[in-house]
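Here is the naming used below: chain letters follow the sequence lines, and residue numbers restart at 1 for every chain. Everything quoted here is computed from the prediction, not taken from an experiment.
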4 protein chains.
Amino acid sequence: MAEAKPLRADARRNRARVLEAAEAVFAAKGTGASTEEVAKAAGVGIGTVFRHFSTKEALRQAVLVERMREFAEEAARWADAEDPGSAFFAFLDHWVEMGTAKYAYSEALAEAGAEVSWLGAEVGAQVRQALGALLGRAQDAGAVRGDVEVPELIAVLVGASYAVKHLDADTALRRRTVDLMFAGLRPSHG
Amino acid sequence: MAEAKPLRADARRNRARVLEAAEAVFAAKGTGASTEEVAKAAGVGIGTVFRHFSTKEALRQAVLVERMREFAEEAARWADAEDPGSAFFAFLDHWVEMGTAKYAYSEALAEAGAEVSWLGAEVGAQVRQALGALLGRAQDAGAVRGDVEVPELIAVLVGASYAVKHLDADTALRRRTVDLMFAGLRPSHG
Amino acid sequence: MAEAKPLRADARRNRARVLEAAEAVFAAKGTGASTEEVAKAAGVGIGTVFRHFSTKEALRQAVLVERMREFAEEAARWADAEDPGSAFFAFLDHWVEMGTAKYAYSEALAEAGAEVSWLGAEVGAQVRQALGALLGRAQDAGAVRGDVEVPELIAVLVGASYAVKHLDADTALRRRTVDLMFAGLRPSHG
Amino acid sequence: MAEAKPLRADARRNRARVLEAAEAVFAAKGTGASTEEVAKAAGVGIGTVFRHFSTKEALRQAVLVERMREFAEEAARWADAEDPGSAFFAFLDHWVEMGTAKYAYSEALAEAGAEVSWLGAEVGAQVRQALGALLGRAQDAGAVRGDVEVPELIAVLVGASYAVKHLDADTALRRRTVDLMFAGLRPSHG
DNA sequence: TATGAATGAGCGTTCATTCAT
DNA sequence: TATGAATGAACGCTCATTCAT
């Protein structure tokens, strides 16, 4: 439950810098970017990267976990909005927009949806729970079809994030696409 | 526009074998698979692969072009079905299901949607045209919202293919997800 | 039985050069020397080394196998000498002397004695058989104790080679040591 | 000659723990084991290891020195046995057996025999002296050939230890090998 | 003095690409 | 034209050593 090792202050700072750098580099060039490049972006030696993340795969996963943490936090932030229906759709929009900027969001969410073991029961559960709350209230308010459940909602979100990734230049088209993908969630559809 | 050189029969045959092998290998292991492996699968030397596709990237693109050709053909095949509405949705479903099996379909379509230059005006246009025909007839039949246009349709398709890629184990969930994503295309009965 | 792949002439030549270079480099600096260095010594790119020996360990083993092949050949060469007793001891001496120059001889023989699986049934058997022949004739001639068998003979040889490795500067001492180690093989005249 | 600085009690204790740990780790995994691992086994930080042994090589040598000290002590312990002949051979046997368990004994002794400079005049001399005493008394008692001297005795011991290292599974073979290697020391051999 | 985080050279290995056969 | 051996840059990762805490 508590952090395993209470790292020294400077070590924790470096860990964070590496994580941030990895997030940025992976976002810009994909996971294929070299670990060396991440190290350079973080301003540390390559040994430091591997001290904190024993494997490149471990680093990739840490980035994804971080993103899911942000996702859950963000979702929680919208949880007690006055109008649950608007809040729900606003959150979806917000999230998809972020995915345009930060490359691996859809990937992260996909793996969270799939309940990948390494994500850690904790974060995965937080994600599903926070999203479930938002969804439930929107359904109670009659803004979302009652038969929608969290797993397919996640999948739709994943798809939307991915679809939009290639559309960052054309704002209008992106708008139309996102609207179309989320329209099916609304009850008015037969 | 036309093929640069009229290849000798055996050369053309080899080119085709390599392309097929690449499709299979990339589908199974992703684009990261080595060119050597593709050569082996095709039963040719690695030199032959590079004779036909001067670069690995060129090979990857050729695979995508091939897929788009199939996409356009398939779409054309549904073009004169009796019930345009059913045909339209049946085609979408069919396509998404194929994407589950053949890895990079969504990727290919995404790049086709983006009108990437290398796709070649020809294939890109064929795709958009065939899909446009299907869409137009479905709209005329009142089965699809009238304000939907080809670009966002492609984007939705891309998103659906991607979303579903991680769901190949759970058929029911896949079904619900796809339905949800395409539901927005239908005219609201509000 | 026959060579698995009939390599092209140039490829076979390169394989041999790499093997030779590895023998020399490992002899001079131990197995810890870098593969890069072996490549340089062979005058080939590093990729070539790994094409022929897929692993550094594989290269090391190939060197040992090569040495055992030489050992067996050499032993066979002494097999039909006129005086079996002299031939036997002369061979032992000869071998130990070579071990002084070529670093990993004792290591190779030790693993042959241990019947390490990768040595290949073939070479290991050749070694034991050739040595057994020499030993048998020497025993028949009364020059070696009758109760000595091949396994312990190999062990003694291994020990002698190793002992002598550190004595290459002092010929006289080396002489006395080797004599002492092999003296026990002679029938006691008690 | 004497210890450079009279270390504080806890520092001396740490030095000893590191040395012991290194002995165990090197024995189990060879000198290739990482210094980090030694530190962990000793229960100290890696910085502490390097404070006491400025270099990994220095640590390795310290281990060897320690072993030679034990060798000399052990030899001295047998020095005034009643039957010098039995004592001599019993000591050799004992030592070789230990070498089976503790990996680098033969290596250590080899370097002692070679009078490597770093071993320190002191320990090297102790070793040669203690062994010389044992040998001398055995020769006086007629149990060992009179022309044998310490240097070749050390070499034989080194060879025997090494030979036996690969034979730890087969006790009977080990027995026969050792007997064979030491048999040459006895006077009955022509 | 002890700690362990940081460093970066170096290693084994892979793979796209070239070129002699 | 087809082959596959050769090449070497680049990668992930390890580890002896240094140094701030």
Side-chain angles (χ1 to χ4, degrees), chain A residues 5 7-15 18 32-39 42-59, chain B residues 7-11 14-15 18 32-40 43-59, chain C residues 5 7-15 18 32-39 42-59, chain D residues 7-8 10-11 14-15 32-40 43-59:
Chain A
K5 288 182 204 167
L7 287 174
R8 273 207 244 143
D10 59 341
R12 190 156 51 242
R13 196 157 43 245
N14 265 341
R15 206 196 115 100
V18 168
S34 80
T35 312
E36 182 75 44
E37 195 167 355
V38 172
V44 303
I46 198 173
T48 301
V49 175
F50 280 98
R51 159 169 286 268
H52 288 293
F53 306 94
S54 60
T55 271
K56 197 196 180 184
E57 173 62 13
L59 177 56
Chain B
L7 291 172
R8 274 167 32 182
D10 59 340
N14 267 343
R15 206 195 113 99
V18 169
S34 78
T35 312
E36 183 76 45
E37 195 169 354
V38 171
K40 212 157 277 168
V44 304
I46 198 182
T48 302
V49 174
F50 277 94
R51 163 168 296 273
H52 289 293
F53 306 94
S54 59
T55 271
K56 198 194 182 183
E57 173 62 13
L59 176 56
Chain C
K5 287 182 202 165
L7 288 173
R8 268 161 39 177
D10 58 342
R12 189 157 50 242
R13 198 158 40 245
N14 265 340
R15 205 195 114 99
V18 169
S34 80
T35 312
E36 182 75 44
E37 195 169 355
V38 171
V44 303
I46 199 175
T48 301
V49 174
F50 279 97
R51 159 168 288 268
H52 289 293
F53 306 94
S54 59
T55 271
K56 198 196 179 183
E57 173 62 14
L59 176 56
Chain D
L7 290 173
R8 274 169 31 183
D10 58 340
N14 267 343
R15 207 195 112 100
S34 78
T35 311
E36 183 75 44
E37 195 167 355
V38 171
K40 213 157 278 169
V44 304
I46 198 181
T48 302
V49 174
F50 277 94
R51 163 168 296 272
H52 288 293
F53 305 94
S54 61
T55 271
K56 197 193 183 186
E57 173 62 12
L59 176 56

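- With rounding to whole Å, C:Phe53 atom CZ is found 18 Å from E:dT14 atom C1'.
- Look at CZ on C:Phe50: it is 5 Å from C1' on E:dT13, rounded to the nearest Å.
- Between E:dA6 and A:His52, a contact under 4.0 Å exists linking OP1 or OP2 to a side-chain N or O.
- No donor-acceptor distance shorter than 3.5 angstrom exists from the side chain of D:Thr55 to the backbone of D:Ala58, with no hydrogens or angles considered.
- Phosphate contact (OP1/OP2 of E:dA5, side-chain N/O of A:Thr48, threshold under 4.0 Å): absent.
- The shortest non-hydrogen separation linking C:Val18 to C:Val38 is O-CG1, 4.1 Å.
- In terms of phosphate contacts, D:Asn14 brings no side-chain nitrogen or oxygen within less than 4.0 Å of OP1 or OP2 of E:dT1.
- Residue C:Thr35 has a polar side-chain atom (N or O) positioned under 4.0 Å from OP1 or OP2 of E:dG12.
- DNA chain E is contacted by both D:Gly43 and A:Val49; D:Gly43 maps to the nucleotide lying nearer its 5′ end (nearest heavy atom per residue).
- Residue B:Ile46 contributes atom CD1, which lies 11 Å from atom C1' of E:dT18 at whole-angstrom precision.
- In this structure, the separation between CG on C:Asn14 and NE2 on C:His52 is 5.0 Å, given to the nearest 0.5 Å.
- An OP1 or OP2 oxygen of E:dT13 is reached within less than 4.0 angstrom by a side-chain nitrogen or oxygen of C:Thr55.
- Between C:Val44 and B:Val44, the residue anchored closer to the 5' end of DNA chain F is B:Val44, taking for each the nucleotide with the nearest heavy atom.
- Taking atom CG of C:Asp10 as the reference point, atom C1' of F:dT7 lies 14 Å away to the nearest angstrom.
- The nearest whole Å value for the distance from the CZ atom in A:Arg12 to the P atom in F:dT21 is 15 Å.
- Remark: P of F:dA16 and CD of D:Glu37 are 10 Å apart, rounded to the nearest angstrom.
- Shown here for D:Arg15 and D:Phe53, the closest heavy-atom pair between the two residues is NH1-CE2, 3.5 Å.
- For the pair C:Ala39 and C:Ile46, the tightest heavy-atom approach, listed with the atom from each and the gap, is CB-CA, 3.9 Å.
- Across all strands shown, E:dT7 pairs with F:dA16; the Watson-Crick or G-U wobble distances both stay below 3.5 Å.
- In this structure, CZ of C:Arg51 is placed 13 Å from P of E:dT14, rounded to the nearest angstrom.
- Rounded to an integer number of Å, the gap from B:Glu36 CD to F:dA2 P is 17 Å.
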